[in-house]
Structure formats: C-alpha cells, structure tokens
Number of protein chains: 2
Amino acid sequence: MTSSERAESLKRSLALLWGKADEPTRGPKPALTRERIVETAIAIADQEGVGALSMRRIAAALNVGAMSLYRYVPGKDELIDLMVDHSYGEGPALDETGGWRERLEAVCRGEWAHYHRHPWLLHVQQGRPLMGPNALLSTEAALRILDGTGLDGREMIDAIVTTSSWVAGLARTSVEASRAATETGVSDDEWWAAQEPYLSDAMGERYPMLGRVAESGGFDGPTDRSFEFGLRRVLDGLEVLIAARRAGEHPDAG
Amino acid sequence: MTSSERAESLKRSLALLWGKADEPTRGPKPALTRERIVETAIAIADQEGVGALSMRRIAAALNVGAMSLYRYVPGKDELIDLMVDHSYGEGPALDETGGWRERLEAVCRGEWAHYHRHPWLLHVQQGRPLMGPNALLSTEAALRILDGTGLDGREMIDAIVTTSSWVAGLARTSVEASRAATETGVSDDEWWAAQEPYLSDAMGERYPMLGRVAESGGFDGPTDRSFEFGLRRVLDGLEVLIAARRAGEHPDAG
DNA sequence: GCGTGCTCACGTACACTGTACCCAGTTCGG
DNA sequence: CCGAACTGGGTACAGTGTACGTGAGCACGC
C-alpha cells in the first residue's frame, strides 16, 4: 500500500465513520447494511476471538459471498475501524454527578468491563485511533470529569492517557490469560504445575524473593484483586497532583 | 490443536527455555543453532515489524530452507517464546542501591526503552508468559526493590503488575503510532489534518471540552511527556500506600 | 571396514488468509 | 423501454504455518 493509497483509505474510513457516504438510488436494493456487517463481525470477534475474524467467516454468517462485503466496506482495516467506534457507543451514558475521583473510577471500571466484553479491542491497531463519533463522545465525557480540578488541557489528556493505558495494559494480560485457558484447554493449575519443576529448581538458589512470594500465593495471575489494587494507586497518584494544584502550586512544581 | 497437543507444546517450550533438550551425537553436524535462529528472528521483528516475521523470511535470512527451522524449534509459537525470554536477557543489571522509588522508576524507564527497542513484544501472547530464566531474573530483581517497604507478597506482585501494565499500555500506543507513521507514510500532521474537518464540525457543538483541549495543544499523540507524567502519578500512588504501611496501618485499611 | 540407523536439509502440498478482477443479473432514470 | 448504475459472487493470486516424504551425511556396533 503506497502512501497515497493509505491516505485514500484513511479518507474512506472517515467518511464511513461519519456516515457521509452518499447512497445511490439506482441499481438493485442492497441485501445488507454496513451496520449489520459491523455487528456480525463484532459478535464473531467476541465469541471466537480476533483470530477467527475473517472476511469469509463474516460473509458465511451473513449468508453471502465473501466478496459481497467489499460493496459495503473498502477492506478489513476499515471494517475494524468501524467495529471499534461502534463498540464505544454501547454502554449507558455516564453519571455526571459526584466528585472527579468516583467518576473517573467509574470510567476505569467501564473500560475494564468493556475490554472483557470485547477482547479483540486489545488486539487491533490503536496507535492512531480514528476519532469516530462514539470515540469522541467518550473522550469528551472523560475530559468533562477533570474539568475544574485545576489541571490544564495537556494534563487532563495525560491523566486520561495514564488511566486508560493502565487499564488496557492490565486488561490485555487478564483477557489473554482467560482466553488461553479456554482455547487451549490448559487450566491455570496445569499451567503452573508444568512450570513448577523448573521454577522450584531456580528458587531457593538464585531467586529467594520469588520463593517467598510464591509461598504467600502471589502468583495466581491477574485477577480483579490486581485491578482493585492498581485502581487505588493510580487514582491516589492523580489525587496527589490535584490536591497540589488546588493548593495553588505552580504547574512546574508538580 | 487439541488440549493434549498444547500441553505437549508447553513442555517442549519449557525444555527449550531451560536448555534441557539433550543433543544427539549421531548424524551430520547441524548447520544452525537455536540461538542464531532466535537472534535472527529478533532482528527481523525489530526492523521489519512482527507482521513481516514469517518462518520463510527467517529461513531466507539464514540461507536455509523454511522447513529446516523446524529441526530446531517445534513451531512459530515456541520460537516466539524463546525470542521473548532472550530479549529479557539483554540489558545491563540493575543498580541495586538507592531507595525503592528511584529504583522502580529505573525499572519503568528500562521497560519503556525495551518496548521501543522491541516493539513486537507488545504484539505477542503475554497472558500466560512462559517463565524462562531471564524473565525470572527480571521479576526477582523487581521484587527485591520492594523488599522492606512493608508490602506483603501479594501487594509486591500487584505493585509490579500495576507499573508494568501502565508502561506496556502506554508503550503500545506510542510504538504503534510511530510505526504507523513510518509504515504508511502518513505523518502525524497529515493524520490530524485529515480528521480536522470532521472534528471541527463536532467541536463547539456537542464537544466543548475537546475544543478547549485542542486549542491548548493537548492532541499531539503519546510522547515522552505522557510517560513522565504517568510515571510520577503511578509512583506517587504507590508512595501513598507505602507511607501508610510504614506508619503501621493495618493492610485492610489501605 | 562397513552396513545400520539416526539425523540432517529441504521440496512439495494443503488449508488458510485478504482482496483484485471480472461477469451476470437487477433496478431505476431518462 | 433501454442503457447506465449498481448488486452479488466466482475465480485467482500471493501470502501464511506446517505435515509429510525424500535423500544425503555421519557415528556407532560388529
């Protein structure tokens, strides 16, 4: 794909996201809609994993030929762009009352649940997210939470980036662990049992800390406990900054 | 792949990681070594992206046939396991002096640099990481940092999981953004310019906060500034907990 | 020494993937 | 009513991971 081709693809995605693609009147009535394709694709990705999401698989679920999908969507990349933005439009609107901390906590819990509902979100391109209508709405809501905390624009963005990055990072290990368990049929217990001979060889000799932690049961994979722990720490860290801002400290001192 | 097949593959990976595979004496001398294959694969993944990492590509770089690699490695999954653990054995040993905060900060900076050196790490299975020798060593070193802070075993693990998750989450967006820029030839400016018409349509109407933040220049993608910001917040959050522990608070109150 | 059998490299083949291209059938505007 | 516009879909191609089979090379037991 050349540079200009990718630029063209970007324009197409944007037009699709904002529904600016003009529909023709001539010709036979379409058997499908873009929304039906997107929702079917999301259902497949949710249930069978992102690895099972192929154009042929989606087409089969819709009882059409594989190439018919390309009448509605320029390619798989653009379809995924649509899936991402569509998923952001699911949940209920956020409660806009309460302090920034409880509201930001609610956002984190929402993202945590969202990633577990749609694990494929963690496996698609997210470096330069297409800002669709629903993604914009989510960002706007998150920003509104931090309005009035004394943070400037950059800091508000960075605060949201920090919490979102943490949730995404943790959700990725959590989601992949549970997917690995169900897909491979190797349970967590079997997994650790297989590694145990090698680990216990190493522990006690060169890795004393690992041995101590293993005895206290620290190695049971990322759980909700890890989420609750991190949530408090990250919000505590933000609270330190916000308290300093409200006490009137100069930005450079934060 | 059936359940028992995956269990077998797991055992093979472990044996490879710990070098317990006994070498035969009969037959012709091998033309390759497993280490050479792993290092070549890492070089390709670093330079050309994980998408370009195919068995045929690796074999071509080593001047052998694609199937020859399967004499040294059971499959691509196991090769990636080896690549991951190999990459953990690169950096210099950590400085073991100083307070927990500066040492943990150094770990975070190390991971940040590590992910930028090997972006493919963020795209491989990490839900149930195979604990190879080098991975164990890194974990041990991180745990040792938190020894004596008053945290118990579970909390030490959760603290490390929290910082690592945040670094990984942020690195993923950062790495993908820069890769997208070089691979597609669409610069950051062009990217935002393409979206601008749609965004400015929405701003001012329904998304006032976004408009304000955009004016203050908050939307320039994840940079080192985002990293420095998050680093302070996450460590501040941990410091709140550790200070409470040292003041003798009961764990349930944290 | 020498055959036996283990181990090597590698070619072929198969089931997948995304999607470019082409063609036949449908439907509406003029 | 007829041509233009549009639809669905078949075929084909260049990729992927890897199962399987074929010879060639090397070390050991006799």
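Below, chain A is the first sequence line, B the second, and so on; all start at residue 1. Values reported hereafter were calculated over all heavy atoms of this structure, with side chains retained and with hydrogens, waters and symmetry mates removed.
Contacts of A/R109 classified as side-chain contact (heavy atoms from CB on, under 4.5 Å), with partners at least two apart in sequence or in another chain: A/E105, A/F227, A/E228, A/L231. The side-chain contact (heavy atoms from CB on, under 4.5 Å) test applied to B/A41 returns B/L53, B/I58, B/L79, B/M83, not counting sequence neighbours. Residues meeting the side-chain contact (heavy atoms from CB on, under 4.5 Å) test with A/V175, sequence neighbours left out: A/H116, A/P119, A/L122.
Legend: salt bridge (Lys or Arg N to Asp or Glu O under 4.0 Å) pairs involving residues 116-125 of chain B, not counting sequence neighbours, sorted by first then second residue: B/E90-B/R117. Here ring-ring contact (aromatic ring centres under 6.0 Å, His included) pairs that include residues 46-91 of chain A, with residues two or more places apart or in two chains, are A/Y88-A/H114.
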Could you encode protein contacts along nucleotides 9-19 of chain C as a string, one character per nucleotide from 5' to 3', using B for base contact, S for sugar-phosphate-only contact and - for no contact, with a heavy-atom cut-off of under 4.0 Å?
-> BBBBB---BBB

